[in-house]
Novice: 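This structure is in structure tokens; I'll ask about it shortly.
Positions are given from 1 along the sequence.
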Amino acid sequence: NYLNIEGESNTLHNGLVRIDVAGAGNGNDSIIIANSYIGDIKIGGSANLPGIGIICKGTIGKENNDIMIRNNHFVDIFNMSVSVPTAAILISAGSERISIIKNHMFQTTAYPPLTRQSASIYFVHTIRGHQINENFLGGSDTSCIGTPYIISGSAQFCGIYFDLSMSGSANEINNNCISNITYTFSNTISTTFYPLVGVKIAGDAPVSIGAFGNGNIIGSKTSARRLI
């Protein structure tokens with residue numbers, strides 16, 4: 001609670017916060033990361049930005065369960081290596097029942113070009129029972145306000161990306177806001193490629209999106225040109 005976590009790293013599976021595999025017994029369970037700044041070094045440091053804010057990577061049979069990531073500010077996390085996407089939160093294999101609630105992801109400095117498919121909240125080959133609710137991506141301050149979140153490059157960027165192929169309890173994506181983002185896309189090879197995607201679902205795992213009146217906002221309900 002109430003931490004200031006700063007750093008610079010874009011190496012393989014190395015986030016500013018890493019919830020790792022367990023050596024023995026159960027996984028790393030019932031962890032809460034809340035009310036914290038997670039992002040680039042504010043004073044000093046180099047021009048490099050961090051590539052991953054929080055990574056959770058467990059082991060099948062010793063899963064990391066019941067992780068809560070709530071009410072944090074993820075600031076200027078945007079840097080990718082050859083083999084790793086950039087993500088504020090990256091949830092990988094061996095992770096179950098991860099709750100990502102009321103976090104804010106925004107930009108205060110220029111970003112390098114996007115060269116690999118990435119997402120702000122990225123789930124890949126995980127298990128089930130995740131909740132992604134009431135998060136904000138975009139702008140230069142909390143709640144997607146301020147100047148636009150500016151991206152350039154030649155790869156796809158998703159607000160929330162699920163790549164799951166697991167049965168079981170549904171994953172929930174509700175009441176998130178992805179807004180105030182401008183992407184200057186430089187790939188002219190394909191005319192059918194979608195460079196900026198709000199929510200992308202791959203695989204065949206059950207996912208509930210905006211159910212029971214809990215819709216997500218992609219862009220804006222009241223203002224034009226909030227995603228460009």
Side-chain angles (χ1 to χ4, degrees), residues 1 3 5 7 9-36 38-39 50-74 77 79-81 83-105 116-135 137 157-176 197 199-209 216:
N1 251 330
L3 300 175
I5 302 171
S9 174
N10 69 337
T11 56
L12 181 62
H13 292 153
N14 188 19
L16 299 182
V17 177
R18 180 179 173 120
I19 304 171
D20 211 342
V21 299
N26 297 324
N28 296 300
D29 301 334
S30 303
I31 294 172
I32 299 174
I33 302 171
N35 304 308
S36 296
I38 302 170
I52 299 173
I54 295 175
I55 183 169
C56 182
K57 180 177 173 60
T59 303
I60 301 300
K62 295 183 289 185
E63 288 82 7
N64 296 333
N65 295 323
D66 301 307
I67 309 297
M68 171 68 78
I69 301 171
R70 179 183 176 89
N71 199 34
N72 301 288
H73 292 179
F74 293 87
I77 297 174
N79 198 347
M80 63 230 75
S81 66
S83 59
V84 182
T86 187
I89 302 170
L90 176 58
I91 308 299
S92 190
S95 304
E96 188 169 19
R97 299 191 303 275
I98 310 298
S99 297
I100 301 174
I101 311 287
K102 294 185 177 180
N103 298 281
H104 300 260
M105 298 98 172
R116 180 179 176 85
Q117 183 186 56
S118 297
S120 189
I121 301 175
Y122 201 124
F123 282 76
V124 55
H125 307 310
T126 65
I127 303 182
R128 54 191 168 265
H130 307 302
Q131 296 184 356
I132 302 91
N133 300 332
E134 301 180 78
N135 300 283
L137 165 64
F157 183 79
C158 305
I160 300 170
Y161 179 37
F162 265 75
D163 182 4
L164 308 178
S165 296
M166 297 285 184
S167 61
S169 56
N171 304 283
E172 299 179 4
I173 303 175
N174 296 320
N175 287 325
N176 300 283
V197 178
V199 179
K200 182 175 182 177
I201 308 299
D204 55 7
V207 180
S208 173
I209 302 175
N216 301 278

Novice: Drop me the distance from Ile173's CD1 to His130's NE2, to the nearest 0.5 angstrom.
Specialist: 10.5 Å
Novice: Would you mind telling me which of Ile160, Ile69, Ile38 makes a side-chain contact (heavy atoms from CB on, under 4.5 Å) with Ile89?
Specialist: Ile69
Novice: Other residues, nucleotides and ligands only: do more than 12 of their heavy atoms fall within 6.0 Å of CG on Asn26?
Specialist: no
Novice: Do you know which two heavy atoms are closest between Ser95 and Cys56, and how far apart they sit?
Specialist: OG-O, 3.3 Å
Novice: Tell me, please, which residues at least two apart from Leu3 pass side chain to side chain contact (heavy atoms under 4.5 Å, CB included).
Specialist: Ile5, Ser36
Novice: To the nearest 0.5 Å, what is the distance between CG (Asn65) and CZ (Arg97)?
Specialist: 4.5 Å
Novice: Check whether any side-chain heavy atom of Ile121 lies under 4.5 Å from a side-chain heavy atom of Met105, and answer yes or no.
Specialist: yes
Novice: Would you say the side chain of Arg70 lies within less than 4.5 Å of the side chain of Ile101, judging by non-hydrogen atoms?
Specialist: yes
Novice: Check the pair Ile201 / Val199 against side chain to side chain contact (heavy atoms under 4.5 Å, CB included), numbers first and verdict last.
Specialist: CA-CA 7 Å; Ile201 308 299; Val199 179; 4.0 Å; yes
Novice: Which of these passes side-chain hydrogen bond (donor to acceptor under 3.5 Å, both in side chains) with Asn135: Asn71, Asn72, Asn103, Asn174?
Specialist: Asn103
Novice: As an exercise, state the distance from CD1 of Ile98 to CZ of Phe123, rounded to the nearest 0.5 Å.
Specialist: 6.5 Å
Novice: Applying side chain to side chain contact (heavy atoms under 4.5 Å, CB included), can you list everything that pairs with Lys200, at least two apart in sequence or on another chain?
Specialist: Gln117, Gln156, Cys158, Tyr161, Val197
Novice: Can a donor-acceptor pair be found, under 3.5 Å and without considering hydrogens, that links the side chain of Asn175 to the backbone of Asn133?
Specialist: no
Novice: For Asn79, is there any backbone N or O sitting under 3.5 Å from a side-chain donor or acceptor partner on Thr86?
Specialist: yes
Novice: What is the distance from atom CD of Glu96 to atom CD1 of Ile91, rounded to the nearest 0.5 Å?
Specialist: 13.0 Å
Novice: Could you give me the CA-CA distance, side-chain angles and deciding distance for Val17 and Ile55, then say whether side chain to side chain contact (heavy atoms under 4.5 Å, CB included) is met?
Specialist: CA-CA 6 Å; Val17 177; Ile55 183 169; over 6 Å; no
Novice: Would you please test Ile19 and Ile33 for side chain to side chain contact (heavy atoms under 4.5 Å, CB included) and show each step?
Specialist: CA-CA 11 Å; Ile19 304 171; Ile33 302 171; 4.1 Å; yes
Novice: Run the side chain to side chain contact (heavy atoms under 4.5 Å, CB included) check on Lys62 and Val21 step by step: do they pass?
Specialist: CA-CA 8 Å; Lys62 295 183 289 185; Val21 299; over 6 Å; no
Novice: Under 3.5 Å, is there a donor on one side chain and an acceptor on the other for Asn216 and Asn176?
Specialist: yes
Novice: In Å, rounded to the nearest 0.5 Å, how long is the span from CD1 of Ile100 to CE of Met68?
Specialist: 10.5 Å
Novice: Look only at the side chain of Asp20 and the backbone of Gly58, and say whether a donor-acceptor pair between them is shorter than 3.5 Å.
Specialist: no
Novice: Roughly how far apart are Ile67 CD1 and Ile31 CD1, rounded to 0.5 Å?
Specialist: 4.0 Å
